[in-house]
Amino acid sequence: MEAESMSVETHAVRQTGMVPSSRRPSRDYARTPAGWHCPTVVVAGRYGLVRLVGELDVETVPVVRDAVRTCLDNRPALLRIDLGGVSFCDCSGLRALLWAKGEAARTGCGFHVSGPLRPVVARVLAATGTGRELGLTPDRSA
């Protein structure tokens, strides 16, 4: 059985309105069960969003890194990575999230990770302490 892979969508926002970015990631694809998905960058304010869907692992990290670079090239004030669609995350995925936080800081951009997190992803982030490092707080309702 083929493992589910990561699908990446990027949206960068600037005050010029909704305008697609002219720069595309060098690896502008991710394998999904439905086929290939190309990340896109949309400019519409000072906000950047990278939405991840599928598995965040060694095979999908290059696509995620390219999407983050593309988003940061648009100089957003805040980069948000949405992990709500992530079904699995290994150590290379954790490293990619920490790298994204560092890249955002290097460019003077704020950084935020959002969910809701699937239980398997929440456990990996909690067990490794990466969730704390990324600014996630434990869910008190669980």
Side-chain angles (χ1 to χ4, degrees), residues 1-139 142:
M1 172 182 3
E2 181 177 326
E4 181 182 9
S5 295
M6 179 68 59
S7 162
V8 181
E9 297 176 37
T10 59
H11 301 276
V13 183
R14 226 181 250 183
Q15 295 185 2
T16 57
M18 299 293 284
V19 180
S21 170
S22 60
R23 185 180 183 283
R24 295 280 183 203
S26 58
R27 290 184 185 105
D28 58 29
Y29 56 86
R31 184 76 178 137
T32 64
W36 297 98
H37 176 78
C38 294
T40 57
V41 175
V42 178
V43 177
R46 294 285 297 151
Y47 175 78
L49 169 66
V50 177
R51 182 174 295 136
L52 305 178
V53 178
E55 295 184 355
L56 181 51
D57 59 18
V58 69
E59 292 183 13
T60 60
V61 163
V63 176
V64 173
R65 284 179 175 243
D66 283 345
V68 167
R69 283 186 195 107
T70 299
C71 194
L72 291 175
D73 284 349
N74 285 284
R75 301 283 184 213
L78 175 70
L79 169 62
R80 180 171 71 111
I81 298 185
D82 181 357
L83 299 177
V86 175
S87 59
F88 174 80
C89 184
D90 69 6
C91 63
S92 58
L94 296 177
R95 229 179 0 259
L97 294 173
L98 293 169
W99 170 85
K101 179 182 178 185
E103 285 297 293
R106 189 183 62 75
T107 62
C109 177
F111 182 81
H112 176 71
V113 175
S114 63
L117 301 176
R118 293 187 184 177
V120 66
V121 175
R123 281 193 301 273
V124 168
L125 291 171
T128 60
T130 307
R132 242 184 343 272
E133 180 69 26
L134 295 172
L136 295 172
T137 57
D139 182 4

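The analysis underlying the following values was restricted to heavy atoms, covering all of them including side chains, and did not include hydrogens, waters or symmetry mates.
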If every non-hydrogen atom of Val50 is compared with every non-hydrogen atom of Cys71, which pair is closest and at what distance? CG2-CB, 4.3 Å
So, the side chain of Asp66 versus the backbone of Arg69: is there a donor-acceptor pair under 3.5 Å, distance only? no
Heavy-atom pair with the smallest gap, counting every atom of Val58 and Ser92: N-OG, 2.9 Å
List the atom of Ala104, the atom of Gly110, and the distance in Å for their closest heavy-atom pair. CB-O, 4.1 Å
Quick one: are Trp99 and Val68 in side-chain contact, heavy atoms under 4.5 Å? yes
At what distance, to the nearest 0.5 angstrom, does CD1 of Ile81 lie from CG of Leu79? 5.0 Å
For Lys101 and Glu133, indicate whether the former's side chain and the latter's backbone hold a donor-acceptor pair under 3.5 Å. yes
Rounded at 0.5 Å granularity, tell me how far CZ in Phe111 sits from CG in Leu97. 6.5 Å
One should read off an interatomic distance between Arg132 CZ and Thr130 OG1, to the nearest 0.5 angstrom, of 9.0 Å
So, do Val120 and Ser87 sit near enough that their side-chain heavy atoms are less than 4.5 Å apart? no
Which heavy-atom pair separates Leu98 from Leu134 by the least distance, and what is that distance? CD2-CD2, 3.8 Å
If I take atom SG from residue Cys89 and atom CZ from residue Arg123, how far apart are they, to the nearest 0.5 angstrom? 12.5 Å
Side chain to side chain donor-acceptor pair (under 3.5 Å) with Thr107: which residues, sequence neighbours excluded? none
4.5 Å side-chain heavy-atom contact, Leu136 and Leu117: yes
For Arg80, side chain to side chain contact (heavy atoms under 4.5 Å, CB included) partners two or more places apart: Tyr47, Leu49, Asp82, His112, Ser114
